[in-house]
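Data first, discussion second: the structure below is written as structure tokens.
We count residues from 1, following the sequence as given. All of these numbers come straight from a predicted model, not from anything done at the bench.
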Amino acid sequence: MSKSLVVITGASSGIGEATARKLSAEGYPLLLLARRVEAMEALNLPNTLCRQVDVTDVKAIAAAVAEAEQQFGPVDCLINNAGMMLLGLADEQDPAEWQTMFNVNVMGILNGIHVVLAGMKARKTGTVINISSIAGRKTFPNHAAYCGTKFAVHAITENIREEVADDNVRFITIAPGAVETELLSHTSSDAIKAGYQEWKQGMGGVIAPQDIANAISYAYNQPQNLCVREIVLAATRQQP
């Protein structure tokens with residue numbers, strides 16, 4: 001392959017799907033990971049391996065990466081995009097939802113990093129892009145646990161960036177505001193969903209997954225000696 005392997009988690013819809021389409025069009029071979037393998041296969045992208053993997057299963061991630069590397073060469077970029085948003089008040093929300101979010105949003109990115117980072121350090125090149133949120137920079141009503149996971153993503157990314165900078169490995173945080181994805185559908189409260197939709201309409205609509213894919217492409221395609229550490233982007237009329 002003329003270009004190096006990119007791994008994308010949560011690639012079956014939304015930001016992951018848009019990023020897969022974008023980077024595939026740029027000529028990158030891809031390993032796409034998500035729980036819905038049929039949706040990824042339906043993209044019908046060239047030089048792409050699709051595997052049904054839950055990011056909370058580090059052994060499954062490792063097996064898929066090993067398979068893809070055998071076919072396309074070493075992973076040059078990992079895009080940790082898989083995530084869940086389960087909103088609610090601390091005294092009302094089911095604690096099981098908090099555990100689910102922390103497992104996916106925090107342990108999921110750590111699992112992916114654990115699988116690919118040693119190889120990147122040994123090769124003295126590589127990029128890890130973690131999809132966080134503006135909710136990783138400030139708080140929102142009903143978002144306590146979700147914000148906790150995204151603040152963790154920001155902290156983990158910056159901490160490891162400092163650890164591996166001398167190994168010429170880049171760590172990048174992408175922090176979107178509201179995006180038109182399936183993320184809100186995970187929330188069980190109809191009232192919270194309705195309020196969120198009203199908020200989106202009040203700002204005149206939110207940004208598209210393609211906008212995030214473009215930002216990811218921009219950051220990744222910079223020379224290896226340049227690290228765009230963080231990109232924050234949202235609809236112009238989004239206030240918080």
V6-Y218 co-clustered via ILVMFWY side chain contacts under 4.5 Å | yes

Separation between CD1 (I79) and CG (N130), nearest 0.5 Å, reads 10.0 Å

N105 side-chain N/O to F102 backbone N/O, donor-acceptor pair under 3.5 Å
no

Correct closest heavy-atom pair for A20 and L45 would be O-CD1, 3.7 Å

Looking at side-chain heavy atoms only, is the closest gap between Q52 and E38 below 4.5 Å?
no

Worked check of side chain to side chain contact (heavy atoms under 4.5 Å, CB included) between L30 and L5: CA-CA 6 Å; L30 303 174; L5 175 63; 5.6 Å; no

Could you tell me whether the side chain of M84 reaches within less than 4.5 Å of the side chain of T100, counting heavy atoms only? yes

Is it the case that the side chain of N81 and the backbone of G10 share a donor-acceptor pair, with hydrogens and angles ignored and the cut-off at 3.5 Å? yes

**Asked** Is the shortest heavy-atom distance from the side chain of P209 to the side chain of V179 under 4.5 Å?
**Response** yes

CD1 of I8 to CG of L23, rounded to nearest 0.5 Å, is 5.0 Å

Taking CG in D166 as the centre, count heavy atoms belonging to other residues, nucleotides or ligands within less than 6.0 Å. Is the count above 12? no

Whether T149 side chain and Y146 backbone form a donor-acceptor pair below 3.5 Å | yes

Here the pair of heavy atoms bringing A215 nearest to L233 is CB-CD1, 4.1 Å

Practice task
Take Q224 and N168, measure what side chain to side chain contact (heavy atoms under 4.5 Å, CB included) needs, and give me the verdict at the end.
Solution key: CA-CA 7 Å; Q224 187 66 28; N168 200 43; 3.4 Å; yes

Strictly distance-based, threshold 3.5 Å: is any side-chain N or O of T157 a donor or acceptor partner for the main-chain N or O of I172? no

Please answer whether the main-chain N or O of Q99 pairs with a side-chain N or O of N103 as donor and acceptor at a distance below 3.5 Å. yes

In short, side-chain hydrogen bond (donor to acceptor under 3.5 Å, both in side chains) pairs touching residues 230-240 with sequence neighbours left out are R137-E230, H154-E230

In this structure, CD1 of I174 is separated from OG of S133 (nearest 0.5 Å) by 12.5 Å

To the nearest 0.5 Å, atom SG of C50 lies from atom CG of L31 at 8.5 Å

Looking only at heavy atoms, the pair that brings R161 and C227 closest together is CD-SG, 4.3 Å

Residues T48 and F72: closest non-hydrogen pair is N-CZ, 4.0 Å

If only atom types and distance count, is the side chain of S217 paired as donor or acceptor with the main-chain N or O of A213 below 3.5 Å? no

Side chain to side chain contact (heavy atoms under 4.5 Å, CB included) between K22 and I216: does it pass, once the steps are laid out?
CA-CA 9 Å; K22 174 72 172 174; I216 291 168; over 6 Å; no

Please examine the side chains of Y220 and V228, heavy atoms only from C-beta on, and report whether any two atoms are closer than 4.5 Å.
-> no

### Query
Is there a side-chain contact between I134 and V232 (heavy atoms, below 4.5 Å)?
yes

**OP:** State, yes or no, whether a side-chain contact exists between I192 and N142 at a heavy-atom distance under 4.5 Å.
**Re:** yes

Tightest non-hydrogen contact, residues N80 and G112, listed as OD1-CA, 4.3 Å

Rounded to the nearest 0.5 angstrom, the OG-CG distance for S12 and L33 is 10.5 Å

- Message: Let's go through T56 and M107 carefully: what are the C-alpha distance in whole Å and the side-chain angles of both, what is the deciding distance for side chain to side chain contact (heavy atoms under 4.5 Å, CB included) to 0.1 Å, and is it a yes or a no?
- Response: CA-CA 6 Å; T56 64; M107 289 306 302; 5.7 Å; no

Closest non-hydrogen contact found for G83 with V104 is CA-CG1, 3.8 Å

The side chain to side chain donor-acceptor pair (under 3.5 Å) partners of N111 (sequence neighbours excluded) come to none

For the CD atom on E162, are there more than 12 heavy atoms of other groups (residues, nucleotides or ligands in this structure) within a distance under 6.0 Å? yes

dist L43:CG -> S13:OG (nearest 0.5 Å) comes out at 10.0 Å

- Task: Without swapping roles, check the side chain of R170 against the backbone of L226 for a donor-acceptor pair under 3.5 Å.
- Result: yes

Going by heavy atoms in the side chains, are I113 and I160 under 4.5 Å from each other?
yes

So, do I129 and F171 sit near enough that their side-chain heavy atoms are less than 4.5 Å apart?
no

Q.
Donor-acceptor pair, distance only, cut-off 3.5 Å: does the side chain of R123 make one with the backbone of V75?
A. yes

Exercise for review: Say whether F151 and V106 are linked into one hydrophobic cluster, either directly or through other cluster members, by side-chain heavy-atom distances under 4.5 angstrom.
Suggested key: no

Hits for side chain to side chain donor-acceptor pair (under 3.5 Å) against D167, two or more places apart or cross-chain, chain-then-number order -> K124

> Can you check whether L86's main-chain N or O pairs, donor with acceptor, with Q93's side chain at less than 3.5 Å?
Replying inline: yes

Using atom types as modelled and distance alone, determine if a side-chain donor or acceptor of K3 lies under 3.5 Å from a backbone N or O of E26. yes

* Asked: In terms of the angle between their ring planes, are H143 and F140 parallel, tilted or perpendicular, with boundaries placed at 30° and 60°?
  -> tilted

